Amino acid sequence: MRRLAFLLLLLLAQAPPAPALADVEPGRAVYDRWCALCHGAKGDGAGPAAPFLMPKPRDFTLGVYKYKSTEAARPPSDQDIGRVVAGGMPGTAMPGWQDILGEADRRNVVTYLKTFSDIFEAEEPGPPSSLAGQIAASPEAIAMGKETYRKA
């Protein structure tokens with residue numbers, strides 16, 4: 001029994017800390033006022049306005065983010081999510097909020113958005129994806145790109 005208790009304590013000590021209630025409350029207030037109409041009170045993309053939007057609002061409970069700088073299997077960084085909150089999503093009903101919400105409110109809502117999915121508890125975002133090995137721009141590379149596009 002002592003062994004099991006020790007093992008449990010060891011596992012709990014290594015688990016990333018969940019955001020404290022006080023840490024998410026400011027973000028919840030921002031989310032409830034500005035985001036829940038489309039994304040839903042539960043963050044599931046099923047807000048009252050969602051049936052009238054195309055494409056549908058993101059379901060944050062899935063933990064899937066389209067635009068991020070981290071590797072494919074890793075969660076997005078706070079900066080990745082903050083960039084979308086600030087700048088919006090062109091081609092969707094998601095506006096940019098940088099002119100409406102201050103930086104602190106945007107940071108707070110990012111913290112709150114992360115509570116909808118356990119992907120942020122399971123793994124750290126990690127470093128941004130490397131662009132090393134990419135072909136440098138040159139007249140030859142541009143010509144090859146044009147030809148590839150033409151064939152496609």
Side-chain angles (χ1 to χ4, degrees), residues 1-137 145 149 152:
M1 184 66 159
R2 286 174 99 177
R3 212 177 214 168
L4 181 61
F6 177 76
L7 210 56
L8 183 59
L9 282 173
L10 185 63
L11 287 172
L12 288 173
Q14 293 180 354
L21 186 59
D23 293 338
V24 299
E25 282 308 312
R28 180 191 315 266
V30 173
Y31 181 88
D32 288 347
R33 179 166 185 202
W34 298 103
C35 311
L37 184 64
C38 297
H39 293 283
K42 298 176 184 173
D44 56 5
F52 307 103
L53 302 175
M54 188 56 70
K56 298 294 181 203
R58 179 144 323 268
D59 178 349
F60 298 119
T61 65
L62 300 176
V64 176
Y65 288 79
K66 188 171 186 176
Y67 299 108
K68 60 187 192 134
S69 62
T70 56
E71 295 177 5
R74 306 294 288 265
S77 68
D78 288 4
Q79 292 80 12
D80 292 332
I81 300 169
R83 228 180 343 271
V84 174
V85 170
M89 293 281 292
T92 74
M94 172 67 181
W97 294 98
Q98 74 269 1
D99 294 334
I100 297 165
L101 300 175
E103 187 177 335
D105 281 342
R106 294 192 313 264
R107 270 196 318 268
N108 289 336
V109 83
V110 166
T111 299
Y112 184 65
L113 290 175
K114 291 168 50 177
T115 67
F116 288 122
S117 172
D118 61 358
I119 188 172
F120 297 99
E121 294 172 15
E123 194 168 355
E124 292 291 316
S129 296
S130 172
L131 298 178
Q134 298 293 318
I135 298 173
Y149 180 81

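From a predicted model like this one, the values you see are computed outputs, not experimental measurements. Values below: all heavy atoms of this structure, side chains included; hydrogens, waters and symmetry mates excluded.
Here the side chains of K114 and D78 are in contact, with some heavy-atom distance below 4.5 Å. A 4.5 Å side-chain heavy-atom check between L37 and P48 finds at least one atom pair inside the cut-off.
Here the shortest heavy-atom pairing between K56 and A50 reads NZ-O, 3.2 Å. The heavy-atom pair separating L53 from P57 by the smallest distance is CD1-CG, 3.8 Å. Residues S117 and G63 approach most closely at OG-CA, 3.4 Å, considering heavy atoms. Nearest heavy atoms, V84 versus M94: O-CE, 3.8 Å.
When V110, V64, I81 are each tested for a side chain to side chain contact (heavy atoms under 4.5 Å, CB included) with P76, only one passes: I81.
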message: If you apply the rule side-chain contact (heavy atoms from CB on, under 4.5 Å), what do you find for D80 with Y65, and how did you get there?
response: CA-CA 9 Å; D80 292 332; Y65 288 79; over 6 Å; no
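Interatomic distance, CZ of R58 versus CG of L113, reported as 11.0 Å (0.5 Å rounding). Summarising the geometry, atom CG belonging to L62 is positioned 12.5 Å from atom CZ belonging to F116; distances are rounded to the nearest 0.5 Å. N108 contributes atom CG, which lies 10.0 Å from atom CG of L101 (distance to the nearest 0.5 angstrom). The distance from the CD atom of Q79 to the CZ atom of R107 is 10.5 Å, given to the nearest 0.5 Å. One distance of note links CG of D105 with CH2 of W34; it measures 9.5 Å at 0.5 Å rounding.
Salt bridge status for E25 with R28: present, with a side-chain N to carboxylate O gap under 4.0 Å.
At least one donor-acceptor pair closer than 3.5 Å links the side chain of T70 to the backbone N or O of P75.
Using a 30° and 60° split on the angle between ring planes, H39 and Y31 fall in the tilted class, from 30° to 60°.
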